[in-house]
Amino acid sequence: MCRFLAYSGAPVWLDSLLIEPESSLITQSLAAREAKTVVNGDGCGIGWYGERGEPGIYRGILPAWSDRNLTSLCHQLRSGMFLAHVRSATTGGVSMANCHPFGFGRHLFMHNGQIGGYEKVKRAIETHIPDEVYCSRAGNGDSEAIFLIAAGFGLNRDPIGALKKTLQTCLDVVEHSGVDQPIRFSAIHSDGEKLHAFRWSSDERPPTLYWRNVGLGIAVASEPFGTGAEKWETIPANTVATIVGVDIAFQPFNPQSQTSVRISA
C-alpha cells in the first residue's frame, strides 16, 4: 500500500511538511508504520499549484529517500496546495508513467488502494476511458484508469459525482467478471481551488486516512507525521472530506449505496 500527503492553506515550503517533520512522508517511504508494506520504494511524485493555470508535476522511479531531485524541489517550492505520493506497486510496473500524482488539465489525482484482481479486469475497465481522454493514458495501472474514467464522467463539473460513478462502474465490471476481491480507495483529487479526500472500500477495510490543522492550513495523510503529540483526526470510512483553504467539510461517500451502471454481457 502506498503513502501520501496533501495540503491546502496558506503557502508553505514543501520541505516543511514532506521532509522536516519526524516520521515525514519521505521517512515513511522507507519505514511506514501503518501499512502492510513497510517500504514504499517503487517511485515517488509531487504535484503543486503555482502561478500558472496548470499544476507542476514531478515524478520519478527512484525511492523518495534517495531522490535528490525531489529533495531539491521540496527545498525550493512554496505552494498553497500540493500533493505528494510514495509508491508501493500493486498493479502496473515500476515506471515513471505509473507514479502518482496523475494530471489532467488543472486536475491532480493520487490513490492508495487497488481494484482487486485488476489484471483479470484491466481490459474491461479500460473500455470505459473515453476516446478523447484515452490519449492521456501513459501507464498501465488501475489508479490512472480510475482517474481517466472519472474525467469522462464530468470531473470538471462534479468531481465527487464523477468518482462515485467511476467506482460504481468498476464494481460492476469486477462483479460481472466473477472476481471476488475488493476495491479499496483512499484518494485525493484537487483542482487548485478545492481538495477532496476520499476514504472508501467495497469491503470493511478501507485504507487509513487522517487530517489535522497545520499552522494556517490542513494536511491530509495516509498516516500521521510529526512528534506524536499532534492531534490527528481519522476521516471516517465511506466519507469524502472537501477542503477549501482552511475549511473542511465531510459528507457520505458510498458508491455501493446506489444502483450502479450496469455492464451488458
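Quick note: residue numbers are just sequence positions, from 1. The basis for the numbers below is simple: all heavy atoms, side chains too, and nothing from hydrogens, waters or symmetry mates.
Residues T242 and I160 meet the side-chain proximity criterion, which asks for heavy atoms closer than 4.5 Å. Using a 4.5 Å heavy-atom cutoff, the side chains of Y58 and L77 are not in contact. Here the side chains of I243 and W211 are not in contact, with every heavy-atom distance at 4.5 Å or above. Side-chain contact check for Q181 versus V174: every heavy-atom pair is 4.5 Å or farther apart. In this structure, the side chains of R184 and D203 come closer than 4.5 Å at one or more pairs of heavy atoms. Looking at heavy atoms from C-beta onward, K164 lies out of side-chain contact with V240 at the 4.5 angstrom threshold. Side-chain contact between N98 and N140 is present, with at least one heavy-atom pair separated by less than 4.5 Å. The side-chain heavy atoms of D142 and Q114, taken from C-beta on, include a pair separated by under 4.5 Å.
Using modelled atom types, one finds no donor on one side chain facing an acceptor on the other under 3.5 Å when comparing T166 with T169. A donor-acceptor contact closer than 3.5 angstrom links the side chains of H107 and N156. Y134 and E126 share a donor-acceptor pair across their side chains, judged by distance under 3.5 Å alone. If you check the side chains of T227 and E230, you find a donor sitting under 3.5 Å from an acceptor.
Contact detail for V173 and A124: the closest heavy-atom pair is CG1-CB, 3.6 Å. Residue S143 comes nearest to F102 through the heavy atom pair CB-CE1, 3.8 Å, listed as atom of the first residue, atom of the second, then distance. A pairwise comparison of heavy atoms in A84 and I46 identifies CB-CG2, 3.8 Å as the closest pair. Nearest heavy atoms, I61 versus M96: CG2-N, 3.2 Å. Residue A6 comes nearest to M110 through the heavy atom pair CB-CE, 4.1 Å, listed as atom of the first residue, atom of the second, then distance. Here the shortest heavy-atom pairing between P206 and A237 reads CG-CB, 3.7 Å.
Linking ILVMFWY side-chain heavy atoms closer than 4.5 Å, directly or via other members, places L18 and L73 in a single hydrophobic cluster. In the hydrophobic clustering of ILVMFWY residues, with side-chain heavy atoms under 4.5 Å counting as a link, L148 and F109 come out together. Using a 4.5 Å cut-off between side-chain heavy atoms of Ile, Leu, Val, Met, Phe, Trp and Tyr, with links allowed through other members, I115 and F253 fall into the same hydrophobic cluster. Taking hydrophobic clusters as Ile, Leu, Val, Met, Phe, Trp and Tyr residues chained together by side-chain heavy-atom distances below 4.5 Å, I188 does not share a cluster with V86. Cluster annotation: L209 is connected to F250 through the hydrophobic network of ILVMFWY side chains, with a link wherever side-chain heavy atoms come within less than 4.5 Å.
For K194, the NZ atom is loosely surrounded, since the number of other residues' heavy atoms within 6.0 Å does not exceed 12. Annotation: D131, atom CG; neighbour count of heavy atoms from other residues, nucleotides and ligands within 6.0 Å does not exceed 12. Annotation: E204, atom CD; neighbour count of heavy atoms from other residues, nucleotides and ligands within 6.0 Å does not exceed 12.
Side chain of S202 to main chain of I183: a donor-acceptor pair is present (N/O by atom type, distance under 3.5 Å, no hydrogens or angles). Side-chain atoms of T208 come within 3.5 Å of backbone atoms of S222 as a donor-acceptor pair (strictly under, hydrogens ignored). E144 places a side-chain N or O within donor-acceptor distance of the main-chain N or O of A138, the cut-off being under 3.5 Å. For the pair R199 (side chain) and I235 (backbone), a donor-acceptor distance under 3.5 Å is present.
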Output, in order, the C-alpha distance, side-chain angles, deciding distance and verdict of side-chain contact (heavy atoms from CB on, under 4.5 Å) for E20 and D15.
-> CA-CA 6 Å; E20 294 175 2; D15 61 357; 3.8 Å; yes
For the pair W200 and N254, evaluate side-chain contact (heavy atoms from CB on, under 4.5 Å) and give the outcome as yes or no after the intermediate values.
-> CA-CA 7 Å; W200 171 80; N254 188 359; 3.1 Å; yes
Stepwise, does the side chain to side chain donor-acceptor pair (under 3.5 Å) test hold for H85 with N112?
-> CA-CA 9 Å; H85 189 280; N112 174 31; over 6 Å; no
Steps toward ring-ring contact (aromatic ring centres under 6.0 Å, His included) verdict (W13, F82) = CA-CA 10 Å; W13 297 104; F82 62 85; over 10 Å; no
Could you go through the side-chain contact (heavy atoms from CB on, under 4.5 Å) check for Y210 and T234 one step at a time?
-> CA-CA 4 Å; Y210 302 87; T234 299; 3.5 Å; yes
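Ion pairing of E233 with K231 is present here, as a side-chain N (NZ or NE/NH1/NH2) and a carboxylate O approach within less than 4.0 Å.
The ring pair (Phe, Tyr, Trp, His ring centres under 6.0 Å) check on F185 picks up H111, F198, with sequence neighbours excluded.
With rounding to the nearest 0.5 Å, the separation of SG in C99 from CD1 in I57 is 12.0 Å. Taken to the nearest 0.5 Å, the OG atom of S79 stands 10.5 Å off from the CD atom of E51.
Between F147 and F104, the ring-plane angle classifies as perpendicular under the 30° and 60° cut-offs.
The side chain to side chain donor-acceptor pair (under 3.5 Å) with S190 is formed by just one residue from the set Y49, W48, Y7; it is Y49.
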